[in-house]
*Asks:* 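Before I ask anything, let me first share the structure, which is written out below as structure tokens.
As a basis for the values below, the full set of heavy atoms in this structure was taken, side chains included, without hydrogen atoms, waters or symmetry mates.
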Amino acid sequence: MPVTLSILDLAPVAPGQTARESFEGSVQLARAAERLGYRRVWYAEHHNMATIASSATSVLIGYVAAHTSTIRLGAGGVMLPNHAPLTIAEQFGTLETLFPGRIDLGLGRAPGSDQVTMHAMRRDASSSDRFPQDVLELQGYLQGKSRVPGVQAVPGAGTNVPLYILGSSLFGAQLAAALGLPYAFASHFAPEALHAAIATYRQDFTPSEQLSAPYVMVGANVIAADDAEDAQKQFVTVRRARVRGMISRGPGTPNYTDAEIDAFLTTPNGRQIADMMKYTAVGTATQVREFLEEFADSTQADELIVAHHSQGIAERVRSAELTADAMLGADA
């Protein structure tokens, strides 16, 4: 049976591009995903990052949903400690009301930003400690079983938007297992605890009203091209951009050249950042299929969610086409 395949879209803003152009690219990618047989497209909440435009995640989901017809769309994820659970219930209840049967809600507990930005969002250091309670409060609103007397999510109550727990450590795995929710591991940028986390999740899983058996999603980066050399060149560009973004936050940061980034990659800190992209498939459709099939086999994942990282939207769509052709037998 073909593996279930989905897309994580970071709404990247390439050099010289505007946020509006990034959003139009997200629409193009989602339409391609819909045509090619991907299960869903998710958008991640990040803040104060010049190269990522998906900060207002629910707004972007609504925009893409209005320009597509059938594909599921969701958050991968909303960083719940940044928000009141009632607000998220109302936002995603609204989306589900407008686009019934198409909306997912993945939840994470990280800030999706740096410490200064976290303060600017009025989030305190203890916010993440309330994450399990906030998930339950949010779930209650969406089920129409509010845990706060006298407060209902309007819209939202009774929409039963499906929840997913996102994580990159054993904490998220344990919480997803205890609540009986699907678990998505962020192996596309935090690979270290992947196998231990999904083993813990499966071992400790407790069935729930939403889910009767464990459901595991794992993330991978993909750069697929018609030519292997072209894919490798794209990967070098993407890796440099990733490293540059990681070390260039804050005012007064130098404008590092490609040569300086390449030199940094030879240092222990540089190799540590590069290792964040351990699970990255690069090459032709055949090479990408071989990598993803081995990855799926090693994790026994129910679903792969892939981030196509080519900088140009035409290249990202082509990567999505080649990957779907290789993994799903779609017509690219």
*Asks:* Could you walk me through whether T70 and E34 pass side chain to side chain donor-acceptor pair (under 3.5 Å), step by step?
*Replies:* CA-CA 7 Å; T70 58; E34 187 170 75; 3.3 Å; yes

*Asks:* Between OG1 of T299 and CG of L194, what distance do you get to the nearest 0.5 Å?
*Replies:* 6.5 Å

*Asks:* Using atom types as modelled and distance alone, determine if a side-chain donor or acceptor of E24 lies under 3.5 Å from a backbone N or O of E21.
*Replies:* no

*Asks:* If hydrophobic clusters are built by linking Ile, Leu, Val, Met, Phe, Trp and Tyr wherever their side-chain heavy atoms come under 4.5 Å apart, do V306 and V317 end up in the same one?
*Replies:* yes

*Asks:* Side-chain contact, heavy-atom cut-off 4.5 Å: L328 with L36?
*Replies:* no

*Asks:* Which pair of heavy atoms, one from A153 and one from Y141, lies closest together, and at what distance?
*Replies:* CB-CB, 3.9 Å

*Asks:* Answer with yes or no whether the hydrophobic clustering places L98 together with V64; edges join I, L, V, M, F, W, Y residues whose side-chain heavy atoms lie under 4.5 Å apart.
*Replies:* yes

*Asks:* Check whether any side-chain heavy atom of I88 sits under 4.5 Å from a side-chain heavy atom of Q91, and report yes or no.
*Replies:* yes

*Asks:* Considering residues, nucleotides and ligands other than E260, do more than 12 of their heavy atoms fall under 6.0 Å from its CD?
*Replies:* yes

*Asks:* Can any side-chain N or O of S187 pair as donor or acceptor with the backbone N or O of G219 at less than 3.5 Å?
*Replies:* yes

*Asks:* State, without any angle test, whether E45 and H83 hold a side-chain donor-acceptor pair at a distance under 3.5 Å.
*Replies:* yes

*Asks:* Check step by step if salt bridge (Lys or Arg N to Asp or Glu O under 4.0 Å) holds for R244 and D258.
*Replies:* CA-CA 9 Å; R244 189 176 281 113; D258 287 349; 2.9 Å; yes

*Asks:* Of all the heavy-atom pairs spanning D302 and T4, show the shortest one and how long it is.
*Replies:* O-CB, 3.6 Å

*Asks:* Report yes if the side chains of F99 and T68 come closer than 4.5 Å at any heavy-atom pair, otherwise no.
*Replies:* no

*Asks:* Please determine whether side-chain contact (heavy atoms from CB on, under 4.5 Å) holds for the pair S55 and H46, giving the CA-CA distance in whole Å, both sets of side-chain angles, and the decisive distance to 0.1 Å.
*Replies:* CA-CA 5 Å; S55 54; H46 292 283; over 6 Å; no

*Asks:* Where the side chain of T280 meets the backbone of V222, is there a donor-acceptor pair that is under 3.5 Å apart?
*Replies:* no

*Asks:* Would you call I103 and I61 a side-chain contact if the rule is heavy atoms closer than 4.5 Å?
*Replies:* yes

*Asks:* How close do F23 and L60 get, counting heavy atoms only, and between which atoms?
*Replies:* CD2-CD1, 3.6 Å

*Asks:* Tell me if a side-chain donor or acceptor on S54 pairs with a main-chain N or O of A44 at a distance below 3.5 Å.
*Replies:* yes

*Asks:* Applying side-chain contact (heavy atoms from CB on, under 4.5 Å) to M327 and L292, what does each step give before you reach the verdict?
*Replies:* CA-CA 8 Å; M327 299 295 292; L292 293 180; 3.8 Å; yes

*Asks:* Kindly compute the distance separating CG (N221) from NE2 (H188), expressed to the nearest 0.5 Å.
*Replies:* 6.5 Å

*Asks:* To the nearest 0.5 angstrom, please state how far the NE2 atom of H308 sits from the CD1 atom of I313.
*Replies:* 10.5 Å

*Asks:* Take the angle between the ring planes of F131 and F171 and call it parallel below 30°, perpendicular above 60°, tilted in between.
*Replies:* tilted

*Asks:* Any donor-acceptor pair under 3.5 Å linking the side chain of S6 with the backbone of V41?
*Replies:* no

*Asks:* Under 3.5 Å, is there a donor-acceptor pair between the side chain of Y38 and the main chain of A320?
*Replies:* yes

*Asks:* Does a side chain donor of either Q174 or T200 reach within less than 3.5 Å of an acceptor in the other side chain?
*Replies:* no

*Asks:* Donor-acceptor pair, distance only, cut-off 3.5 Å: does the side chain of R239 make one with the backbone of A274?
*Replies:* no

*Asks:* Decide yes or no for F185 and V216: does some side-chain heavy atom of the first lie under 4.5 Å from some side-chain heavy atom of the second?
*Replies:* no

*Asks:* Run the numbers on R318 and E315 for salt bridge (Lys or Arg N to Asp or Glu O under 4.0 Å), then give the verdict.
*Replies:* CA-CA 5 Å; R318 185 57 181 155; E315 289 80 11; over 6 Å; no

*Asks:* Would you call T323 and L5 a side-chain contact if the rule is heavy atoms closer than 4.5 Å?
*Replies:* yes

*Asks:* Could you check T237, V282, I223, D227 and say which one makes a side chain to side chain contact (heavy atoms under 4.5 Å, CB included) with Q232?
*Replies:* V282

*Asks:* Can you tell whether the side chains of D9 and R316 come within less than 4.0 Å, N to carboxylate O?
*Replies:* no

*Asks:* Hydrophobic clustering (ILVMFWY, side-chain heavy atoms < 4.5 Å, transitive) - are I198 and V3 grouped together?
*Replies:* yes

*Asks:* Can you see which heavy atom on A225 is nearest to which on Q234, and at what distance?
*Replies:* CB-NE2, 4.0 Å

*Asks:* Would you indicate whether the side-chain heavy atoms of L166 and L107 approach each other to under 4.5 Å?
*Replies:* no

*Asks:* Salt-bridged, R102 to E96, with N to O below 4.0 Å?
*Replies:* no

*Asks:* Is there side-chain contact between P12 and Q17, with heavy atoms separated by less than 4.5 Å?
*Replies:* no

*Asks:* Applying the salt bridge (charged side-chain N to carboxylate O under 4.0 Å, His left out) criterion to E303, which one of R39, R72, R40 satisfies it?
*Replies:* R40

*Asks:* Among the clusters formed by ILVMFWY side chains lying less than 4.5 Å apart, do V238 and I261 turn up in the same one?
*Replies:* no

*Asks:* How close do S169 and Y183 get, heavy atom to heavy atom, and via which atoms?
*Replies:* O-OH, 3.2 Å

*Asks:* Parallel, tilted or perpendicular, judged at 30° and 60°: which one describes the rings of Y164 and W42?
*Replies:* perpendicular

*Asks:* Can you say whether the rings of Y63 and H67 are parallel (under 30°), tilted (30 to 60°) or perpendicular (over 60°)?
*Replies:* tilted

*Asks:* In sequence, state the C-alpha distance, the side-chain angles, and the governing distance for V135 and I165, and then conclude on side-chain contact (heavy atoms from CB on, under 4.5 Å).
*Replies:* CA-CA 9 Å; V135 171; I165 298 297; 4.2 Å; yes

*Asks:* What about the rings of Y279 and F295, do their centers lie closer together than 6.0 Å?
*Replies:* yes

*Asks:* Indicate if L8 and F235 have the same hydrophobic cluster label, given that clusters are the connected sets of ILVMFWY residues with side-chain heavy-atom separations under 4.5 angstrom.
*Replies:* no

*Asks:* Might you confirm whether atom CD of E192 has over 12 heavy atoms from other residues, nucleotides or ligands at distances under 6.0 Å?
*Replies:* no

*Asks:* Of all the heavy-atom pairs spanning S146 and V151, show the shortest one and how long it is.
*Replies:* OG-O, 2.7 Å

*Asks:* How long is the gap from CZ on R242 to NE2 on H309, to the nearest 0.5 Å?
*Replies:* 5.0 Å

*Asks:* Could you walk me through whether L73 and L95 satisfy the side-chain contact (heavy atoms from CB on, under 4.5 Å) test, starting with their C-alpha distance in whole Å, then the side-chain angles of each, then the deciding distance to 0.1 Å, before giving a yes or no?
*Replies:* CA-CA 10 Å; L73 301 165; L95 288 169; over 6 Å; no

*Asks:* Give, for atom CD of Q143 and atom CG of N160, the distance between the pair rounded to the nearest 0.5 Å.
*Replies:* 6.0 Å

*Asks:* Could you grab the distance from atom CG of L105 to atom CD of Q139, nearest 0.5 Å is fine?
*Replies:* 10.5 Å

